[in-house]
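Counting convention: from 1, in listed order, for ligands and their atoms alike. One-based numbering along the sequence shown. No experiment lies behind these values; they were computed from the predicted model shown.
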Amino acid sequence: WKGDPQLRYCQAILREFAKKVNAEFMFPFMEPVDYLALNIPDYPKLIKNPMDLGTVKQKLEEDEYENAAQFEADVRLVLWNCFKFNPAGTPVHLMGRRMETLFNTKWAE
Ligand SMILES: Cc1ccc(Nc2c(-c3ccc(O)cc3)nc3c(C)cccn23)cc1
């Protein structure tokens with residue numbers, strides 16, 4: 001991915017997501033949803049394609065993305081799963097909205 005400048009920018013976006021100043025609303029998305037620990041056993045019934053930013057980072061570092069569009073699709077999958085499982089107005093849904101705004105802003109740059 002080092003060849004693709006767009007994919008290089010993806011790493012910069014992940015660093016932005018990981019900044020301490022954003023941790024208060026980014027933490028639910030940084031690692032896979034531990035639905036047993038969170039006591040939401042229905043999660044795998046509802047969410048067929050789990051995704052999280054830790055997995056995205058790993059895929060980027062292991063050259064699994066051929067292009068930036070594939071990276072974007074995984075980041076938006078994190079958001080869609082969040083909005084599907086966490087109803088509008090709930091704390092985690094609102095955190096997802098803040099992540100979405102941050103991503104859309106950086107992605108449009
Ligand atoms: C009873 C209940 C209700 C909601 C949640 N959501 C939630 C999620 C979550 C993130 C992404 C996602 O696609 C789905 C769920 N992550 C968390 C965390 C880290 C702490 C607390 C709640 N969390 C957990 C338990």
Counting only N and O atoms by type, is there a donor-acceptor contact under 3.5 Å from the side chain of N86 to the main-chain atoms of P91?
no

- Taking N67 for the side chain and Q70 for the main chain, is one N or O donor matched with an acceptor at less than 3.5 Å? yes

Contacts of W107 meeting side chain to side chain donor-acceptor pair (under 3.5 Å) (sequence neighbours excluded), chain-then-number -> E72

### Task
Give a yes or no on whether the backbone of L46 and the side-chain of K84 come within a donor-acceptor separation of less than 3.5 Å.
yes

Report all side-chain donor-acceptor pairs from residues 26-43 shorter than 3.5 Å, counting only partners two or more places apart or in another chain.
residue, atom, partner, partner atom, Å
D34, OD1, L36, N, 3.4
D34, OD1, A37, N, 3.0
D42, OD1, K45, NZ, 3.4

Sorted by chain and residue number, the side chain to side chain donor-acceptor pair (under 3.5 Å) partners of N22 (sequence neighbours excluded) come out as none

Give a table of atom pairs where an N or O of ligand 1 lies under 3.5 Å from a protein N or O.
residue, atom, partner, partner atom, Å
ligand 1, 6 (N), N86, OD1, 3.1
ligand 1, 13 (O), Y43, OH, 2.7
ligand 1, 13 (O), C82, N, 3.4

